[in-house]
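Heads up, the thing below is written out as structure tokens.
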Amino acid sequence: MSMVWYLTLTLLAVSPAVIEGCPPSDRAALLAFKAALHEPYLGVFTSWTGNDCCHNWYGVSCDPETHRVADITLRGESEDPIFERAHRTGYMTGYISRAICSLTRLSSIIIADWKGISGEIPTCVTSLPFLRILDLIGNKISGEIPHDIGRLQRLTVLNFADNLISGSIPPSITNLTSLMHLDLRNNRLSGGLPRNFGRLGMLSRALLSRNQLSGPIPASLSQIYRLSDLDLSLNRISGPIPDSLGRMAVLATLNVDGNRITGKIPASLFSSGIGNLNLSQNALDGYIPDVFGPRSYFTVLDLAYNNLKGPIPKSLSSASYIGHMDLSHNHLCGRIPAGSPFDHLEASSFVYNDCLCGKPLKAC
């Protein structure tokens, strides 16, 4: 029994030292990550000293039970006192080291808005099994999205916006069935959207504007019940708008302006819950569907720069609200209806059509 007691007392004596602070391997990984970056103005890494990276290391937090590093949160634009004292936003150069992948308990990686971080996304990040947030917005990261990004089964936020990322959207991205927020805006992505996009059943925002994406809008998008914000603007997307988009339960914003979309406008879009609808700068033709009614509530309705013809639908007057509307640069003809919402719109909403007349244009 004396040996058992001796071992027990020994374990009790050393256990506080074992769990106190972060593991040396996590500390080493953080220091290797830091070594690949250069931040000259704010000194965000000056606190990265001492043996315990779980205590007062700026932007680092640990799991309270395991003491493993769980979150890296480094934002170049913040209300933190460091930024207020410097009277400036952050600027950082360098690259994201593969050493970050040694932090195998990471739940979130936020390295955002530093403007000068370049290099590629370490492909090994797809091996981090607990990762929920991957946010690298606002840098100069290039290369491609890792082809096996779909391995990150717990990922809820994927934000690579405002970088220099090229290549196509990997098909495996549709395996991210927990994903809620996808933001790939303002990159150099090309190729088509994955046909089975609808597998992203938890997605509420899909922001893909300002890329070089081509091909059709996948009809499977309409299977995403929670999707409220879809932005595909300023790409090279072609083909028709799927009619099923107008039957989505919670879709409130649909921006597909600045593409090469053809065909007729689905009538379902005007009797849906979409309140911000921008279809401008495409090659849509045919008539504007005369299906507006009390359910039609638009903060923005922009159909400018298309090939639409015929009259302005009289049913537009029965819409419950239309804030901004632009029908300019089409082939519309006939009398502009009187009353709301037309009485608060300026001539710029109707110019460059074939033969529209009435207020606010010339009299018929």
Side-chain angles (χ1 to χ4, degrees), residues 108 110 112 132-135 137 149-150 152-162 169 173-187 189 193-211 213 216-235 237 240-259 261 265-282 289 291-303 319-326:
S108 63
I110 302 174
R132 295 179 184 274
I133 297 174
L134 180 54
D135 184 349
I137 187 176
I149 193 78
L152 297 173
Q153 291 290 302
R154 302 188 186 202
L155 205 65
T156 60
V157 174
L158 178 61
N159 190 348
F160 294 156
D162 300 331
I169 298 175
I173 204 167
T174 62
N175 294 332
L176 301 176
T177 52
S178 297
L179 196 66
M180 299 179 186
H181 180 94
L182 174 65
D183 193 347
L184 304 177
R185 289 174 295 174
N186 198 24
N187 278 286
L189 295 168
L193 296 170
R195 288 181 60 188
N196 57 345
F197 219 101
R199 293 182 61 198
L200 299 173
M202 299 297 290
L203 199 64
S204 63
R205 303 188 80 197
L207 309 177
L208 306 172
S209 63
R210 294 183 182 274
N211 282 286
L213 299 170
I217 300 172
S220 67
L221 277 167
S222 60
Q223 299 169 13
I224 308 176
Y225 180 84
R226 299 168 182 264
L227 190 63
S228 64
D229 190 350
L230 176 60
D231 190 350
L232 303 175
S233 60
L234 300 168
N235 279 288
I237 292 170
I241 299 172
D243 178 74
S244 54
L245 293 186
R247 295 193 292 271
M248 295 179 66
V250 296
L251 188 64
T253 297
L254 176 60
N255 294 332
V256 295
D257 49 296
N259 281 287
I261 296 170
I265 300 175
S268 60
L269 297 183
F270 296 138
S271 55
S272 67
I274 298 172
N276 187 328
L277 180 63
N278 193 337
L279 311 181
S280 66
Q281 301 179 65
N282 280 289
V291 294
F292 295 86
R295 284 195 65 214
S296 305
Y297 186 104
F298 290 97
T299 53
V300 173
L301 176 59
D302 195 339
L303 309 179
S320 61
Y321 178 77
I322 295 182
H324 169 78
M325 182 170 71
D326 193 347

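Not measured: the values here are computed from a predicted model.
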Exercise. Not counting sequence neighbours, which residues clear side chain to side chain donor-acceptor pair (under 3.5 Å) with Ser222? List them please.
Key: Ser244

Quiz item: Do Ile169 and Leu189 have side chains that get closer than 4.5 Å, going by heavy atoms?
Solution: yes

Quiz item: Considering residues at least two apart in sequence or located in another chain, which fulfil the side-chain contact (heavy atoms from CB on, under 4.5 Å) criterion with Thr174?
Solution: Pro194, Asn196, Arg199

Quiz item: Roughly how far apart are Asp135 CG and Leu158 CG, rounded to 0.5 Å?
Solution: 9.0 Å

Quiz item: Mind checking whether Leu203 and Leu182 have side chains closer than 4.5 Å, heavy atoms only?
Solution: yes

Self-check item: Asp229: partners by salt bridge (Lys or Arg N to Asp or Glu O under 4.0 Å), with sequence neighbours left out
Solution: Arg205

Exercise. Grab the two heavy atoms, one from Asn235 and one from Asn259, that are nearest each other, plus how far apart they are.
Key: C-OD1, 2.9 Å

Quiz item: Can you list the residues that meet the side chain to side chain donor-acceptor pair (under 3.5 Å) rule with Ser209, with sequence neighbours excluded?
Solution: none

Quiz prompt | Results of side-chain contact (heavy atoms from CB on, under 4.5 Å) for Arg195 - residues two or more places apart only | solution = none

Quiz item: Hey, is the main chain of Ser280 close enough, under 3.5 Å, to the side chain of Asn278 for a donor-acceptor pair?
Solution: yes

Quiz prompt | Partner residues of Pro218 under the side-chain contact (heavy atoms from CB on, under 4.5 Å) criterion, sequence neighbours left out | solution = Leu193, Ser220, Leu221

Side-chain donor-acceptor distances from residues 292-299 under 3.5 Å, at least two apart:
residue, atom, partner, partner atom, Å
Arg295, NH1, Ser271, O, 3.0
Ser296, OG, Phe270, O, 2.9
Ser296, OG, Gly293, N, 3.1
Ser296, OG, Gly293, O, 3.3
Thr299, OG1, Gly275, O, 3.0

Quiz item: Under the side chain to side chain donor-acceptor pair (under 3.5 Å) test, which residues partner Ser233, sequence neighbours left out?
Solution: Asp231

Quiz item: Which is it for Leu269 and Leu277 under the side chain to side chain contact (heavy atoms under 4.5 Å, CB included) test, yes or no, and what are the steps along the way?
Solution: CA-CA 8 Å; Leu269 297 183; Leu277 180 63; 4.2 Å; yes

Quiz prompt | Set of residues satisfying side-chain contact (heavy atoms from CB on, under 4.5 Å) with respect to Ala267, sequence neighbours excluded | solution = Pro289, Val291

Practice problem: Only counting residues at least two apart or in another chain, list the ones meeting side chain to side chain donor-acceptor pair (under 3.5 Å) with Ser268. | Solution: Asp243

Practice problem: Decide yes or no for Leu254 and Val256: does some side-chain heavy atom of the first lie under 4.5 Å from some side-chain heavy atom of the second? | Solution: yes

Exercise. Using a 4.5 Å cut-off on heavy atoms from C-beta on, say whether the side chain of Asp326 contacts that of Leu303.
Key: no

Quiz item: Between the side chains of Asn186 and Asp162, does any donor sit under 3.5 Å from an acceptor?
Solution: yes

Quiz prompt | Side chain to side chain, Leu207 and Leu184, heavy atoms closer than 4.5 Å | solution = no

Quiz item: With Asp183, which residues qualify under salt bridge (Lys or Arg N to Asp or Glu O under 4.0 Å), at least two apart?
Solution: Arg185

Quiz item: Does any non-hydrogen side-chain atom of Leu134 lie less than 4.5 Å from one of Asn159?
Solution: no

Exercise. Flag the pair Asp257 / Asp302 as yes when at least one side-chain heavy-atom distance between them is below 4.5 Å, and no otherwise.
Key: no

